[in-house]
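Index from 1, following the sequence. Note that the structure is predicted; figures quoted are calculated from it, not measured.
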Amino acid sequence: MKQGIKHVKMPRGSRRWLGLGLLGLLLPLPKTMAQQVPVPDSTGRVISTMPALLGDTVRVRLELQPDSLVAAPMSVDSARLEWLRTPPTLRDLVCDRVGCFETDVPHQFNNSVMAYVTLFTARNRSYLQRVLERENFYFPIFEKYLAKYNLPTDLKYLAVVESALIPTAKSPVGATGLWQFMGPTAGDLNLKRDEWIDERMAPEKATEAACKHLRYLYGVFHDWELVLAAYNWGAGSVQRVMRRTGKKTFWDLYPHMPAETRNYVPTFTAIMYSMKYAEAHGLRTDKLQYQYAEAMDTLSLRGRAFDLRRLSRACGYADSLYLTRFNPELRRAALPAGYRSYVVRFPASAAVHLGDVDRNTLLDYCQPVAELPQALAALPPRLEGVEPWQSNPLLAASGGPRTEAEAEAPRFRRVPHKVKRGETLASLAERFEVSQAQLRRWNDLPKGKALKPGKQLVVFVPMPAVAPAAPKAPVEAVAVAPRPVRPLVSAEEAAARKEQAEANAREVARVQELVRQEKLQEARLVAIRQRQAIQQAAAEAQARVAARRAAQTQAAEAKRTEAKAIAAVEPEEADEPAVVETTAAEATASGLYTVRKGDNLTKLAREHGVSVAELVAWNKLPSENVVLGQRLVFSAPAEASAMATLPRRQPKATQQAVASASKATARKAELTGKVHLVQPGDTLFNISRRFGVSVQQLREVNHLTSDDVKLGQKLLVPQS
């Protein structure tokens, strides 16, 4: 079918602008306006330059400002731009190398990884070269502990992402050390911190703690990408976003994470690639100052005062702080006397300068200087005819402008008060002669909220006025201007004050007596509840014993019937076992246990498969306390006498019932513990380390199917 060309009538002005545009396209561009861009080869070197074609964004090279790992993270737009301006041959080469990594840690290649590879290998090469100088010093330590805890060896590059292999690195939020531990996490991992030592900066101790933490995170997530995200953001935060979104992988959760965590895994992959192929990118040169591990010697302080600078001088080093690089956990260059045991590390090659000196002589030399020169106090300027202000030490020594009697005499007395039903803030203020604002300020009470019965308040009652002391003789050295003497109070006002003070004292005594009576009543109620609990437990134990005795009686009757039937056929063979069993039962029933050192009712009940209440009832104990040398029985008196007449073998159903009851009692005693309320940042591992129990026990006791805990959840913590 033929198609004709449709003619469109255009205005005269539009035709004019179209002609000017076509004329501009036909004219040749000057050489200065053509964009000259370098074309790199497969190795990254610039071989030539050529003009960029219109619309060809692959060959456009934009000169960005130098960046570093500690700067603001790269955004998605800049990562995409870096991907577009990277030559395809270089992208394919990096992709093939990353794909050939034989490791379990994350090594997925995408535009974000390529952006950071370009950052470390081209734009900011000096950063990675500084890391390569310290690589041979710290990587052997990381590999030793990663192999000990059966973790992937390539996790050693995580310390480069965290601290650039600087043991004293500290982030703006307080994370410190090679592995950048926060304070609470370091406490959970038993890293000690005080004003003298911070073990987060100790390479070996911090590395072992990091391996434990990574092993725990892998047990929670079973995915190394999520483990790295949880190491940076926190396990609780990752679990919350997983529950909220329903996603299970890092790249599915990528849009829901903060920028720092999103760039954490790509940075790790880029660091691993850049250090593995540093020679291919020309990062290793002869000008780098590589650090290597050397043989070390130790000196145990054992609580003696120590100055590291004096040891540096004794070892022949010109820099007095040279040895701090081998002891980075020291926050100061000295330790006080009486400090916990600490071992100082120094190179073994320095032993030549020490000679044959013994340990005590060396420690005596390394004692810190007792007194250091102090700066002189500044003197106030003296002007003619003007007396200078008194110095702060003189004011503190003299007590200021107040008199000694006024400074020593207290003006208020602290009175505790428990709110009763019907009392209000206004009634309490009127009762104690204070204002409502004072009551709210003393007890942090919100305005407009009623008091709850039982709340404990604190009231400061004014003390009675004290008669002014006689004025002292003026000091001759300092001329004191005369002060106007206050007029004494009248006799009526003094009597009114005295009467008010006595009324306040009587009220305070009455309040204290009421508090004492309430405490006594509470103590009586607690004793009654304990007595009722013991009686109820004893009654339950007696009921169980009666049921057990009835079952044993039935079993004995059945046994005797069977024995009579057998005795009719073989009378001689039936008598001997009965005699032996009766003798054994008598020996068991007549046995007593003598309490030894370290015994308690809970331990003895668990060992013999009975409950504490049964032991209290059978031995008629007034409480659960036992004394050394006390004799105890582990069966009811009636049950012991009945056991002497019963045969040795019981029916299988009776044995199973008794075993089940014993296991249930032991289980109940084992699970007796305290209740813990989950706080922000808590995980099941942190809670287990804090209370000294295992994660498996916490799961079994609280019937948990996973390690996830929620904020505000109540967990039962078992205690032995």
Side-chain angles (χ1 to χ4, degrees), residues 72-80 104-113 115-116 155 158 161-162 171-175 179-189 210 212-270 675-691 695-696 698-717:
M74 188 175 300
S75 63
V76 178
D77 295 336
S78 59
R80 179 62 180 169
D104 294 332
V105 298
H107 55 280
Q108 181 175 344
F109 182 79
N110 51 29
N111 56 352
S112 298
V113 175
Y116 281 104
L155 284 176
L158 182 61
V161 180
E162 289 288 348
S171 70
V173 296
W179 298 91
Q180 292 291 286
F181 285 121
M182 296 294 290
T185 307
D188 294 335
L189 295 171
K212 294 179 181 179
H213 190 50
L214 289 170
R215 184 178 62 176
Y216 161 71
L217 291 177
Y218 186 76
V220 174
F221 296 102
H222 300 285
D223 182 84
W224 283 114
E225 290 179 337
L226 291 178
V227 167
L228 295 184
Y231 191 91
N232 175 259
W233 196 21
S237 301
V238 175
Q239 288 175 337
R240 281 193 293 272
V241 74
M242 289 175 67
R243 287 194 300 266
R244 187 176 70 248
T245 61
K247 307 298 179 58
K248 300 298 182 183
T249 63
F250 172 80
W251 295 107
D252 291 338
L253 297 171
Y254 187 87
H256 306 282
M257 292 183 176
E260 181 181 355
T261 308
R262 287 201 304 266
N263 294 312
Y264 197 74
V265 174
T267 304
F268 174 82
T269 305
V675 176
H676 174 71
L677 188 65
V678 177
Q679 302 296 327
D682 278 354
T683 62
L684 211 60
F685 175 75
N686 296 351
I687 299 171
S688 65
R689 296 297 301 273
R690 192 174 304 157
F691 293 98
V695 177
Q696 185 65 24
L698 287 177
R699 286 202 207 99
E700 293 177 356
V701 170
N702 297 278
H703 305 289
L704 300 177
T705 58
S706 65
D707 292 344
D708 297 346
V709 291
K710 298 180 180 179
L711 184 64
Q713 181 179 356
K714 293 184 179 180
L715 297 179
L716 181 63
V717 181

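Distance check, rounded to the nearest 0.5 Å: NE2 of His703 to CG of Leu698 gives 12.5 Å. The distance from the OG1 atom of Thr267 to the CZ atom of Arg262 is 12.0 Å, given to the nearest 0.5 Å. How far NE2 of His213 is from CG of Asn686: 7.5 Å, rounded to the nearest 0.5 Å. Within the model, atoms CG of Leu704 and CG of Leu684 stand 6.5 Å from one another, a figure rounded to the nearest 0.5 Å. Atoms CZ and OG1, from Phe109 and Thr269 in turn, are 10.5 Å apart once rounded to the nearest 0.5 Å. We find the CG-OG1 distance between Leu253 and Thr261 to be 11.0 Å, quoted to the nearest 0.5 Å.
Considering only heavy atoms from C-beta on, Leu217 stays 4.5 Å or farther from Phe685 through its side chain. No side-chain heavy atom of Asn702 sits under 4.5 Å from any side-chain heavy atom of Gln713. Contact of the Arg699 side chain with the Thr705 side chain is not registered, since no non-hydrogen atoms from C-beta on lie closer than 4.5 Å. With contacts defined as side-chain heavy-atom distances shorter than 4.5 Å, the pair Met257/Phe250 qualifies. Between Leu158 and Trp179, the closest side-chain pair of non-hydrogen atoms falls below 4.5 Å. At least one side-chain heavy atom of Leu214 sits under 4.5 Å from a side-chain heavy atom of Val227. Residues Leu715 and Val675 fail the side-chain proximity criterion, which asks for heavy atoms closer than 4.5 Å. The side-chain heavy atoms of Pro106 and Tyr264, taken from C-beta on, include no pair separated by under 4.5 Å.
Looking only at distances, a side-chain donor or acceptor of His107 sits under 3.5 Å from a matching main-chain atom of Val105.
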What's the verdict on side-chain contact (heavy atoms from CB on, under 4.5 Å) for Val678 and Lys710, showing C-alpha distance, side-chain angles and the deciding distance? CA-CA 7 Å; Val678 177; Lys710 298 180 180 179; over 6 Å; no
Between Tyr116 and Asn263, does the side-chain contact (heavy atoms from CB on, under 4.5 Å) criterion hold? Intermediate values first, please. CA-CA 9 Å; Tyr116 281 104; Asn263 294 312; 3.3 Å; yes
Test side-chain contact (heavy atoms from CB on, under 4.5 Å) on Ile687 and His676 and set out the steps. CA-CA 9 Å; Ile687 299 171; His676 174 71; 3.7 Å; yes
Go through the steps for Asp707 and Val695 under the test side-chain contact (heavy atoms from CB on, under 4.5 Å), then give the verdict. CA-CA 8 Å; Asp707 292 344; Val695 177; 3.8 Å; yes
Evaluate salt bridge (Lys or Arg N to Asp or Glu O under 4.0 Å) for Asp223 paired with Lys248, printing each intermediate quantity in order. CA-CA 9 Å; Asp223 182 84; Lys248 300 298 182 183; over 6 Å; no
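Asp188 and Thr185 form no side-chain donor-acceptor contact under 3.5 Å, judged by distance and modelled atom types alone. With 3.5 Å as the limit, one finds a donor-acceptor pair spanning the side chains of Trp251 and Glu225.
Here the rule is side-chain hydrogen bond (donor to acceptor under 3.5 Å, both in side chains) with Asn232, and of Glu260, Gln180, Glu162 only Glu260 fits it.
Ring geometry, Trp224 versus Tyr218: the interplanar angle falls under 30°, so the pair is classed parallel (tilted spans 30 to 60°).
Considering all non-hydrogen atoms of both residues, Ala235 and Thr683 come closest at CB-CG2, 4.2 Å. Shortest non-hydrogen contact noted between His222 and Gly219 is NE2-O, 3.1 Å.
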